[in-house]
Every structure is written in structure tokens, then in C-alpha cells.
Amino acid sequence: MRPKPSLLNILYSRRTIRRFRKKEITEDVLRLIIEAGQRAPCYYQAYSVVWVKDEAKLKELGELCDSGLVTQASAVLVICLDLHRLRLVLDKLGHDHFMREDKYPAESFFAIFETALLAENMCIAAEVLGYGSAMLDCVLFEFEGVAQLLQLPPGVIPAVVLCMGEKDENPPPRPRWPTDSVLHRDTYRDLDVSEVDRYLDLAEKLLGAEGYLRKYANWNDSYREYLKARTSTTKDTKRHAEELSRLLKQNGLRL
Ligand SMILES: Cc1cc2nc3c(=O)[nH]c(=O)nc-3n(C[C@H](O)[C@H](O)[C@H](O)COP(=O)(O)O)c2cc1C
């Protein structure tokens, strides 16, 4: 195989890190990471980053997230969609803009997309600077608590928490679909059932070898069972989905 240039090496060897050694990340370094995030392709730059520094807030965020990572990490950044700032800009222009309408799915979709690009650039910048990172989804599910804790105005929607710090583990690569299942040539080729089985077997094998589900999810059964448990619908999941849809709509997202 041809040697890979160094940024590719970083992309290939990045893993989500869930064990950190406490070591300060200075404001200068943090700004570099955020600026690198901002260099990602963008649409309206409808995003904001809240750096949570205050110990009491970190503790509360850790409780909301039910995750020790938040208090273990050296920097905790809540990455938000920011439709609030976008609205300020458009209102200032004084025209009849799309946010005054009830439907703008494309703009909502691209705001999510560009926020994800910002977050990913930040992860990679952190890796380049020698730090590991983990994204946590909890802030979306704890939207109201997080909005109150960080005093987010309506329209600022917490998407993920990015926890960063010095790596205290060196995990193996986690499973990915074979590139041939992801890459289509000219037309879309549907998977056959054997490819689905092969992927599930691969995931079972790699995650089993790492002890991933036992370590991080306290789960002792198979990956297939874990996936089923995470994705089954119950009365609770339906209620939560309805609540979240309502909150997102209230905060200006129109999908
Ligand atoms: C939107 C998003 C939310 C995530 N939320 C969590 C989370 O709440 N907890 C967690 O441990 N990992 C979370 N992750 C990390 C994934 O679990 C991880 O990227 C995936 O298992 C692949 O592992 P790798 O990053 O080491 O390749 C999240 C990733 C994304 C993209």
C-alpha cells in the first residue's frame, strides 16, 4: 500500500476517545480548534459553540448527560445550531425572508449539515494538536435543561457536546461498512442480504474483540441485540420523539 500523507493518517487513525487524562487546554489552543472548525464549508454559518468552563455548570451538564466524560475532559464544548443569529442578520436586512415563513426545509437541513462539518473539523484539528475527542448526543435529548443551564435563547439548538482532552486509551478501529457498500457507480446499487449479514458479523467481531459494549455501554449481550434495543420503538420513545419534534419546531427548525 502507498504511504499515506499525514492528515490522511490522522483521519484513518482517529477514534472516539472516552478516557482522558486531566491536562489544561489553553484558550489559544481552543481558539485554533474552533477557527479550524469555522474553515469548514458553510452555508449561513448558522452555528455557535458554547465553551463550558464553570465547574458547577460542568457538574450539572455531566448529570444531564449522565456521563463522567464531561467532568473528565479538559475542554467541553456544546456545539449548537444557531438560527437565532441567522434571524438577527436577516431581520436587519429588513426584507421578507424565509424565516418568517413556516416552511424552509432546505435551510434547516443545511444548518444541521454545516454544524456537523464545523464539529468534524474541530475533532480533526484536536487530533492534529494531539488531543482526543468524543461527541455526545445527550444535549439534544436534554434540550430544555441544557438551554436553561447555558441560557441559550430560542433558536439556539444544542446538537452535540464535544469533549476533548489528552488521550488515556488507545482503542482499535471501530467497524465501518466496506467502501464497496458505500460507493455506488453511476446508479444506486442496493445491498443484498448477505452484505448486511457480513457487516453485522464484522461489527460483532470487532466490537466483541474490543469489549466495546461491555466497556462503554455496560451491555453483555451481542451487538445485534444492542442495536435492536437502541432502535426499538416504545411508548416512551414515541413520546420523546413528539416532544423533541415540538421543541425543534418551536426553536425554528423546519424539516
Ligand atoms: C451525532 C453523534 C452523536 C454521538 N453521541 C455519542 C454519545 O452520546 N456517546 C458516545 O459515547 N459516543 C457518541 N458518539 C460517537 C460514536 O459512538 C462513535 O463515533 C462511533 O461509535 C464510531 O466510533 P469511532 O468514532 O471511534 O470510529 C456520537 C457520534 C455522533 C456522530
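Counting starts at 1 for both ligands and their atoms, following the listed order.
- In this structure, Ala40 and Leu118 approach most closely via the heavy-atom pair CB-N, 4.1 Å.
- Without hydrogens or angle criteria, Glu166 side chain to Arg21 main chain gives no donor-acceptor distance under 3.5 Å.
- Across all their heavy atoms, Val50 and Cys80 have their closest contact at CG2-SG, 4.3 Å.
- For ligand 1 and Arg14, the ligand atoms under 4.0 Å from any heavy atom of the residue are 24 (P), 25 (O), 27 (O).
- Relative to atom 6 (C) of ligand 1, the option among Arg15, Met135, Glu120 with the closest non-hydrogen atom is Met135.
- With Lys167 as the fixed residue, the side chain to side chain contact (heavy atoms under 4.5 Å, CB included) test singles out one of Arg15, Arg18, Glu127, Arg19: Glu127.
- Of all protein heavy atoms, the one lying nearest to atom 22 (C) of ligand 1 is Arg176 NH1, 3.5 Å.
- Atom 18 (C) of ligand 1 has Thr16 OG1, 3.5 Å as its closest protein atom, hydrogens excluded (heavy atom only).
- Considering only non-hydrogen protein atoms, atom 9 (N) of ligand 1 sits nearest to Leu136 CD2, 3.4 Å.
- With a 4.0 Å heavy-atom cut-off, ligand 1 is reached by the side chain of Tyr212 but not by its N, CA, C or O.
- In this pair, His184 and Tyr188 present their aromatic rings parallel. The plane angle is below 30°, not in the 30 to 60° band.
- Among all non-hydrogen protein atoms, the one lying nearest atom 2 (C) of ligand 1 is Val160 CG1, 4.3 Å.
- For atom 16 (C) of ligand 1, the nearest protein heavy atom (residue, atom name, distance) is Arg18 NH2, 3.8 Å.
- For atom 3 (C) of ligand 1, the closest non-hydrogen atom on the protein side is Asp137 CB, 3.8 Å.
- Listed for the Arg100 side chain is a donor-acceptor partner under 3.5 Å among the backbone atoms of His95.
- Under the 6.0 Å distance and 45° angle rule, Arg174 does not count as a cation-pi partner of Tyr212.
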